[in-house]
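Below you will find the structure I want to go over with you.
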There are 2 protein chains.
Amino acid sequence: MGLKEKKQKHREEFRREIIEAAKSLFNSEGYDKFSMRGLARKIGYTPATIYLYFRDKDDLLYVISEELFAQLIQSMDRCVKDAPGPLEALRQSLISYVEFGVSHPAHYRAAFFTNPNVYGSPEEFLEKESLSRHAYCQGRQLAAECIAAGKLRQMDVDVIAQILWTGVHGMVDALLKGLGK
Amino acid sequence: MGLKEKKQKHREEFRREIIEAAKSLFNSEGYDKFSMRGLARKIGYTPATIYLYFRDKDDLLYVISEELFAQLIQSMDRCVKDAPGPLEALRQSLISYVEFGVSHPAHYRAAFFTNPNVYGSPEEFLEKESLSRHAYCQGRQLAAECIAAGKLRQMDVDVIAQILWTGVHGMVDALLKGLGK
DNA sequence: CCATAATGCTTAACACTGTTTATTTTAATG
DNA sequence: CATTAAAATAAACAGTGTTAAGCATTATGG
């Protein structure tokens, strides 16, 4: 009987409503001002209701972050498609990472600057198959292709990938802090 | 009469006691678990007492951070003294920055990864004459000397300084997250 | 059609947080 | 010793994330 499916749909629509409200609140109020109670107020429900749709605050933030990383991956894919070669693809991907970071400050902060992290401990991050991790691996893949094509000096792929990520991440952080003057 | 001075000394000794307890609690419990109430419990006083010695939580964290930056500056000075030339001095200073960061994770997080920041808004950071800022300027000075000595390509000092800081900061962040495998 | 079961939501509480005000205790001074 | 100044506190305010218990409303099986 299709009633149960309709129930399920209703449930997921409400989930979406919460996520969208959370995203909006998150962007307007910033990470530290964001609260479950405030979100509940915004959607016109009791705080406890949110917990029927999300395990806890971290779960909600995780879902939001993952959706943003999906966007980043899309953007990186576009870079790869449009680029004439692997080096340019890598270059543009790194640029799109920085753009991604600076255009979603609160989310970027939540994903990378806070503790306890929404992506759990470093070990959990490495084990769990998140979109965040997927984006990183995609960057590493690009670097590998550059090495294979002789466009980048021969070296450990993980080393170069981490150097590159360290660079763009530091860049984003500096820009978010307004240290780029 | 020297009694008032002795009062003052007592006051400062108590301040130190709070700072030391806070530092210890900070390192053992981490940034997010640190609380004024927990600190008060630790030193055997009421939370309100701390507010007779520090304006608020941010003030206390600021003082702690500044003391750590004083250490960093000392370490950088040693690098400059021991190095044979400006380039090596810069190199060693950058290394000591990373070492500084990874050996004081909770403090580093508080100083750089949280919002609201203990160093206030980016504008306030640039205006206020903090030791944090002093350390940065010292690094820039080293870079300038390298350029002057022809050891570094001629370019805008602020640009190279920010590139370097971005690099080591990203490095520390990656290491703190355990992404260095 | 109605009793039963399940669902969705809320109320109320727990255990915290930072911070302030008024009050009491403690210590120093005239 | 009484008075005054300083230090510490109790109690409250306003907020946080989270959960267990209760109350409706809705769907289902007899």
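What you see is a predicted model; the values in this text were computed from it and never measured. Just so it is clear: chains get the letters A, B, ... in the order the sequence lines come, proteins before strands, and each one is counted from 1.
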Can you tell whether the side chains of B/R16 and B/E20 come within less than 4.0 Å, N to carboxylate O?
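Judged by the 4.0 Å cut-off on N to carboxylate O distance, B/R16 and B/E20 do form a salt bridge.
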
Pull out every protein N or O sitting under 3.5 Å from an N or O of nucleotides 24-26 of chain C, one pair per line with the distance.
none

Dump the pairs, protein N or O against N or O of nucleotides 7-11 of chain C, anything under 3.5 Å, distances to one decimal.
unit_1, atom_1, unit_2, atom_2, d
C/dC9, OP2, A/Y53, OH, 2.7
C/dT10, OP2, A/T46, N, 2.9
C/dT10, OP2, A/T49, OG1, 2.5
C/dT10, O5', A/T46, OG1, 3.4

- Message: As a quick check of understanding, evaluate side-chain contact (heavy atoms from CB on, under 4.5 Å) for A/L175 and A/V98, giving each step before the final call.
- Response: CA-CA 9 Å; A/L175 289 170; A/V98 176; 3.7 Å; yes

*Could you check how far CG of B/D59 sits from C1' of C/dG18, rounded to whole Å?*
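Whole-Å distance recorded here is 14 Å.
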
- Determine the interplanar angle of the B/Y45 and B/F14 rings, folded into 0 to 90°, and report it as parallel if under 30°, tilted if 30 to 60°, perpendicular if over 60°.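 Geometry flag for B/F14 against B/Y45: tilted rings.
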
Is the phosphate of D/dT16, meaning OP1 or OP2, less than 4.0 Å from a side-chain N or O of A/R41?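 For D/dT16, OP1 or OP2 has a side-chain N or O of A/R41 closer than 4.0 Å.
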
- Query: Starting at NZ of B/K57 and ending at C1' of D/dG15, how long is that distance when rounded to a whole Å?
  - Reply: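 Taking NZ of B/K57 and C1' of D/dG15, I get 14 Å after rounding.
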
Rounded interatomic separation in angstrom, taking CG from A/D32 and C1' from D/dG17 =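 Result: 16 Å.
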
Report task. Take atom CZ of B/R37 and atom P of D/dG15, then tell me their distance rounded to the nearest Å. Result ->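 Value for this atom pair: 15 Å.
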
Discussion item. Centre-to-centre under 6.0 Å for B/H134 and B/F69, is that the case here?
Written reply: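 For B/H134 and B/F69, the ring centres are not under 6.0 Å apart.
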
**Prompt:** To the nearest angstrom, how far is B/M36 atom CE from D/dT16 atom C1'?
**Reply:**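 Atom-to-atom, B/M36 to D/dT16, this comes out as 17 Å.
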
> Do the numbers put B/K57 on top of the ring of B/F34, so that NZ or CZ is under 6.0 Å from the six-membered ring centre and no more than 45° off the axis?
Replying inline: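 Because its charged atom misses either the 6.0 Å distance or the 45° angle limit, B/K57 does not stack over B/F34.
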
Worksheet entry | Spacing of A/I95 atom CD1 and A/C79 atom SG [to the nearest 0.5 Å] |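 It is 8.0 Å, given to the nearest 0.5 Å.
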
Charged N to carboxylate O under 4.0 angstrom, A/R91 versus A/E88?
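A salt bridge links A/R91 with A/E88.
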
Report the distance from atom NZ of A/K33 to atom P of D/dG17, rounded to the nearest whole Å.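 My rounded result for the distance is 13 Å.
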
Practice item. Check the angle between the aromatic planes of B/H104 and B/F100 and answer parallel, tilted or perpendicular using the 30° and 60° thresholds. Key: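 The rings of B/H104 and B/F100 sit tilted, inter-plane angle from 30° to 60°.
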
ask   = Between B/K151 and B/E145, does at least one N-O distance fall below 4.0 Å, as a salt bridge requires?
value =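 Here B/K151 does not pair with B/E145 in a salt bridge, since their nearest N and O are not under 4.0 Å apart.
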
*CZ of A/F54 versus P of D/dG17: gap in Å, rounded?*
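Distance, rounded to whole Å: 15 Å.
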
Check your understanding: C/dC16 C1' sits how many Å from B/F34 CZ, rounded?
Key ->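 Taking CZ of B/F34 and C1' of C/dC16, I get 15 Å after rounding.
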
